[in-house]
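So you know, we letter chains A, B, ... as the sequences are listed, proteins then strands, and number each from 1.
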Amino acid sequence: MLNAKVKYFFIAPTIVILAIIVLYPFFYGIFASFHHYERFSLDRFIGVDNYSMIFHSSRMWNSLIVTLTFTLSSVGISFAVGFAISIFIERIFANTKFAKYIIAGILFPMVMTPVVVGILWKIMFWQTYGPVNYYLASMGLPAKAWLTLGSTALPATIFVDIWEWTPFMTLVLYAGLMAVPREPVEAAMVDGASYLQTLRYIIIPFLKPIIVIALIIRFVEAFRWFDTIFVMTGGGPGINTETLSFYAYKVAFSHLHFGKAMAITTIMFFFTLIGSLIFVEFSGLSWEK
Amino acid sequence: MFLEKFVNRVILVGICVILTFSLFGSGATPEKPGVTPETPGEKGLEAGPPESFKGTEIHLAIIGAPGIPQALKHLDDFEARTGIKVTYDMLPELTLREKTTMDLALGTGIYDGIMFGLMYVVPYAEPGWLLPLDAFIESKATESEELGMSDYISKFLEANTFEGKLYGLPFYGETSVFAYRKDLFNQYNLKPPKTLEDVRYAAQKLTQKEEDFYGITLRGKRGGGMNVYTWTGWLWAFGGRFFNEKMEPVLDSPEAIKSLEEYASILHEYGPPGSAGFEWTETKTWLQEGKAAMTLDASPFVTLLEDTKESKTAGKWGYISPSDIIIQETGKNLEPTLYTWSFGISTFSRHPWATWKFLSWICSKKLAHTLANEGFLFRGAPTRKSMLEITEEPWWTESVLEAAENARIDFRPRISVWREVGDRIGIAVEQAIAGIKPAKTALTEANKDVYDIMKRAGYYE
């Protein structure tokens, strides 16, 4: 019985710190979202007023659509590309000494600070002197002001996010591929299965838990996406690239409506929660041991 | 096993209790600010200025506006003469705003004196967060022959007034100028523009897209202090305005729509690609690099364009007060902008008199002249008439003075929810420039949202 007490003693600091730095702000945010909280003073309970105000604002719906478009296309494409690259590396280089150098090289975009990524791509897309337009022009294609055109701003920022996060997908899926046991794959090959068939019926089922985890992490990450957009477009042109996080930031620190901002972030939380649960549910995995 | 379960429960309940209490703790309403006899500032005020300031310490929140670093080099003299010890936090704009707003709203009185921009005069003065300065000016704590109130360009003082009382002493004052490339105008036989039609004609003549050279560049990026700051000049000129007498937004009026259509179309046809994303930094770069021929922007642009180290086009510019460019349709002129950085005294200051002493020194005519004689001329952003006489660059000073004297105080509405309103209007302006929405749709939508914002802020019954 002594053991039981001792173990609580040892985990207590963790629980306390977690409560202070994670749970407290979280619950406080939800608490504040039901209050009139402006210009740094939280004064009265107003029920769901903040929420109804948000849902009646067209800017909120715009942000939601931008966020969903961004999240789904970015996660989808970076997964597809990342999976393809990881298979390519695994097939060609897995047993060579090059593999680790290739992986290290691929990681480069991911280890960069998001703000630096933003600045870098802002320069790349710069209308007059930017490399993107330079190469397009040299190929005889029309140059564009990528980040300030309504039609190209969001795709351009999605592209940057894919560029930044495909390495993460590659890394995780490559690790998964390396862990797939050889025997069943070889047995299938001997029985005359093509590579696509082994991929479909053996490798992917093995990889499923890893794929789900990678997708959840990417989904959560993309859904609250803020930093590169802040640097690259500032939500513009107009509100074409204004995501939920950016909108919440504006409402809080520009308009000083903290209660309303907390309501937006609370809604975001439930969206991510539901999104993650959907991934888990549809993965068909058993999460109990 | 029982003990284990019991301990589990105790821990769980403990965490719940701690969290609940902490929620209540921080959820407690901070004291509403306001002038009460108990506030330290008020007590000190009634007592009148002390005989000696020796040993008094004051703390300020300031921004590194042009002239501030130069003025602070003289701080030692001030401290030695008065015995007041001055400490300050020099902060970037956003942080300054957050910190001072928090300090004032909570009434903590960390800062005795603060610097604030023009758009914050009303939001800070209305709830009683700042002390009116009129009584101070008359007092013996003022070094009156140094302060020189009558030397101020009057518009800058008016702009810092709320309900008849002065709340800020301007240190930095900005208006706008229309700048054009004199050399190119001569080369193409163009006359300095007198109407907006002239501007459009010149822009058309000078634009050479193959050469990557454009007739005009203006701010396009969204923001109450960004594209709205320059577009407002157009808005007034076309006979539009932000609000009617009932403070209902009238941005969907034909005049307002026309003004945005003009602003967007001149940029669309004769402006650089991607103008919708231009902040003043981009505008500046295009002009300095000799890639654009005209602009209408804040008066400190003079300094930037004439800077021989940075600007390839230094010495090639002519300047006109926007008030000299009229719209033929309406007979009205482009409206010059108005902006100040001012010093004010916090209601919660424990040393209002010492703070005033400092204010009347740093904003004084005497110090301004000292700085001017040292070579710092507040170029493009002078608050005083006499500073314009000292400078040896008459070709722009006249335009700047004229613009400042013709500017309107309510150039942008000085309302407490301006941040939100300005942000929303900025979106509409950017949408029109980027061609996402026609000016009419963009402004009609913005008008509806601005109405909601104003309604929530309690402007209507």
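No part of A/H35 comes within reach of chain B, as not one of its non-hydrogen atoms sits under 4.5 angstrom from that chain. If you measure heavy-atom distances from A/K250 to chain B, the contacts under 4.5 Å come from the side chain alone. Within the 4.5 angstrom heavy-atom criterion, only side-chain atoms of A/W126, from C-beta onward, approach chain B. B/K448 does not touch chain A: none of its heavy atoms, backbone or side chain, sits under 4.5 Å away. For A/S58, the part lying under 4.5 angstrom from a heavy atom of chain B is the side chain only.
Within the 4.5 Å cutoff, the side chain of B/R222 has heavy atoms near those of the A/I239 side chain. Counting only heavy atoms from C-beta outward, the side chains of B/D449 and A/R59 never approach each other to under 4.5 Å. Using a 4.5 Å heavy-atom threshold, the side chains of B/K221 and A/T148 count as separate.
Contacts between residues 241-249 of chain A and chain B, defined by a heavy-atom separation under 4.5 Å, are made by A/E242, A/F246, A/Y249. For residues 264-271 of chain B, heavy-atom neighbours of chain A at less than 4.5 Å comprise no residues at all.
Of all heavy-atom pairs between A/A145 and B/P273, the closest is CB-C, 4.2 Å. Of all the heavy atoms in A/F253 and B/R419, the pair that sits closest is O-NH2, 4.4 Å.
Taking CG of A/L256 as the reference point, atom CD of B/E98 lies at 8.0 Å (rounded to 0.5 Å).
Between chain A and the residues B/E445, B/R424, B/E282, the most heavy-atom pairs under 4.5 angstrom are made by B/E282.
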